[in-house]
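To start, the structure itself, in structure tokens.
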Amino acid sequence: MTMRSFGLIRQCCNALVRVPLAREKSPVSLPISHLSRSLTTAAEALKITYDEKSEVATMHLCRKPVNGLSLEFITQISIALEKLENERSCRGVIISSGCDNVFCAGLDINEMLRPTPERLEIFWKTLQDMWLQLFTTRLMTVAAITGHCIAGGCLISSACDHRVMAPNFKIGLNEVKLGIVAPFWLVDSVKNLIGYRQTEWSLMKGHLFSSEDALRLGLVDKVVPQDQVVLQAEADMAEWLQVPDSARHLSKTLMRRDTVVRFRSGREADLKTFVNYIPKESIQKTLHSYVESLKSKK
Ligand SMILES: CCCCCCCCCC/C=C\CC(=O)SCCNC(=O)CCNC(=O)[C@H](O)C(C)(C)COP(=O)(O)OP(=O)(O)OC[C@H]1O[C@@H](n2cnc3c(N)ncnc32)[C@H](O)[C@@H]1OP(=O)(O)O
């Protein structure tokens, strides 16, 4: 197998002073006063490899301990996606995790705790952009879900085209448990997979589905033993790439158009809601208690 890492991407990912690079806006400087805590450096957090033979890249999320989506991390993901999108030979990307038993635990909650208004706004815009990139990319996208996949984690997996998950983990939108509400575009992308009622019910309860229930409902496409998830994702990718790229991408665009149109017309209002709502004292209290409960479960 011929593997090479994308030097350019690594280079970009290591230099995270100016963000975001994503479409639909110009770069802005980051207030770096509120860097969220992680056991990994920015350089280690995202590893991209490319297999020339299969024309498939792997985006390995390694922001330990749980791949919490901080501003820096989603910026890295966004830049990497853009680079891969522009790499003509690349036809697909597998998103995998380097964190034990966790695919992604969602947004890094620290981003929402006592945030500066400026950073909060950039954070949400960057997340919106990253989601749009992933949801609409020409690349075939497969999520290799080797562990829990919660809230913002489900944002990533549900934006992909195909999902392979390991058994006995949890996946879904639990935002209400944190006293917050998932944005409409994330809800739509889950609803596209599992239908209205299951989405409404799980959203209102903050219910996380087991891998097995997720398979039954269509929130994931396959459940295989944890040590086979990546291999299965690669095999499924190869099968998917037998479909001509442009026809596949046009079909995806057709199916996702309503969600994208709704997103584009609602994203400004969505941003305003987020930046107004998160700093509220009542929300801050609930978020704080949630973080405390995570720490005290040990
Ligand atoms: C109308 C109003 C509209 C308002 C608009 C609001 C919009 C809201 C945006 C909604 C979108 C997305 C929201 C989110 O994604 S919020 C995040 C939700 N995620 C979770 O609830 C997951 C929490 N984590 C867990 O359940 C567990 O950690 C785990 C993933 C099951 C793993 O368990 P584990 O036992 O293996 O590890 P654990 O010891 O719990 O965790 C290790 C350390 O990591 C910290 N941590 C875990 N998750 C997060 C996180 N999401 N952000 C930051 N930090 C996290 C945890 O506290 C441990 O830290 P420490 O070692 O104790 O210091």
Side-chain angles (χ1 to χ4, degrees), residues 34-40 45 61-74 77 97-115 117 120-121 123-131 134 145-159 165-166 168-190 199 202-211 226 263 266-284 286-298:
H34 182 305
L35 291 179
S36 45
R37 181 182 154 276
S38 169
L39 300 181
T40 27
L61 311 181
C62 307
R63 185 171 184 262
K64 293 189 175 167
V66 292
N67 279 327
L69 298 172
S70 65
L71 174 55
E72 287 74 18
F73 195 36
I74 50 182
I77 296 172
S97 166
C99 295
D100 288 347
N101 298 325
V102 180
F103 174 73
C104 173
L107 303 189
D108 185 330
I109 299 167
N110 299 302
E111 291 287 359
M112 296 184 281
L113 284 174
R114 308 267 166 236
L120 197 62
E121 181 172 341
F123 174 67
W124 197 249
K125 277 187 183 167
T126 310
L127 186 74
Q128 287 180 327
D129 280 332
M130 187 209 73
W131 173 81
L134 193 57
I145 310 170
T146 44
H148 299 295
C149 181
I150 301 176
C154 195
L155 178 155
I156 292 178
S157 67
S158 63
M165 189 171 181
N168 305 316
F169 290 111
K170 297 286 184 192
I171 180 168
L173 304 180
N174 70 338
E175 279 83 349
V176 293
K177 297 262 168 77
L178 289 80
I180 54 179
V181 181
F184 69 90
W185 38 276
L186 168 56
V187 173
D188 278 2
S189 56
V190 168
T199 306
S202 59
L203 193 70
M204 288 173 66
K205 277 197 128 180
H207 178 79
L208 295 172
F209 296 106
S210 65
S211 313
Q226 193 182 31
F263 169 77
R267 66 176 295 171
E268 275 306 318
D270 177 60
L271 172 66
K272 274 197 189 125
T273 306
F274 182 75
V275 296
N276 289 334
Y277 190 83
I278 292 300
K280 287 192 187 303
E281 204 43 51
S282 56
I283 299 299
Q284 287 297 313
T286 320
L287 284 173
H288 186 76
S289 317
Y290 188 81
V291 169
E292 286 307 305
S293 72
L294 276 180
K295 292 191 187 305
S296 64
K297 77 177 184 189
K298 287 173 181 165

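Note that ligands are numbered from 1 as they come in the structure, with each ligand's atoms numbered from 1 the same way. On a predicted model such as this, the values are computed, not experimentally measured, just so you know. If you read the sequence from its start, that first residue is 1, and numbering goes on from there. Both backbone and side-chain heavy atoms feed into the values below; hydrogens, waters and symmetry mates do not.
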What do the steps show when you test Lys272 against Glu268 for salt bridge (Lys or Arg N to Asp or Glu O under 4.0 Å), and what is the final call?
-> CA-CA 6 Å; Lys272 274 197 189 125; Glu268 275 306 318; 5.6 Å; no
Between CD1 of Ile283 and CG of Asn276, what distance do you get to the nearest 0.5 Å?
-> 12.0 Å
Minimum non-hydrogen distance to atom 29 (C) of ligand 1, winning option of Glu111, His148, Lys177 |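 Answer by nearest heavy atom: His148.
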Atom 50 (C) of ligand 1: of Asn110, Leu107, Val102, the nearest heavy atom sits on Leu107
Any N or O of Gly68 that comes nearer than 3.5 Å to an N or O of ligand 1?
->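 No.
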N/O to N/O below 3.5 Å, does that happen between Gly152 and ligand 1?
->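 There is such a contact, yes.
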With a heavy-atom distance limit of 4.0 Å, tell me whether [X] approaches ligand 1 through its side chain, its backbone, both, or neither.
{"X": "Trp124", "answer": "side chain"}
{"X": "Ala105", "answer": "both"}
{"X": "Asn174", "answer": "side chain"}
{"X": "Ile180", "answer": "side chain"}
{"X": "Leu178", "answer": "side chain"}

Ser189: partners by side chain to side chain contact (heavy atoms under 4.5 Å, CB included), with sequence neighbours left out = Trp131, Phe135, Ser158, Leu186
Distance filter under 4.0 Å to [X] heavy atoms, resulting ligand 1 atoms:
{"X": "Lys295", "answer": "59 (O), 60 (P), 62 (O), 63 (O)"}
{"X": "Phe274", "answer": "6 (C), 7 (C)"}
{"X": "Gly106", "answer": "15 (O)"}
{"X": "Tyr290", "answer": "20 (C), 21 (O), 23 (C)"}

Distance-only side-chain donor-acceptor flag, Asn168 / Gln226, under 3.5 Å =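 Not at all, the side chains of Asn168 and Gln226 share no donor-acceptor pair under 3.5 Å.
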Do Met112 and Ile278 come within less than 4.5 Å of each other through their side chains, counting heavy atoms only?
->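 SC-SC contact between Met112 and Ile278 confirmed.
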Any non-hydrogen atom of Asp108 lying under 4.0 Å from ligand 1?
-> yes
Is the gap between the ring centers of His288 and Tyr290 under 6.0 Å?
-> no
Could you tell me whether Arg63 and Asp108 make a salt bridge, using a distance below 4.0 angstrom between a side-chain N and a carboxylate O?
->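 Looking at Asp108 together with Arg63, the answer is yes, because their closest N to O distance falls below 4.0 Å.
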Less than 4.0 Å between a side-chain N and a carboxylate O, is that true for Glu281 and Arg114?
-> yes
Between Trp124 and Trp185, what is the ring plane arrangement, given parallel below 30°, perpendicular above 60°, and tilted in between?
->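 Plane angle between 30° and 60°, so tilted.
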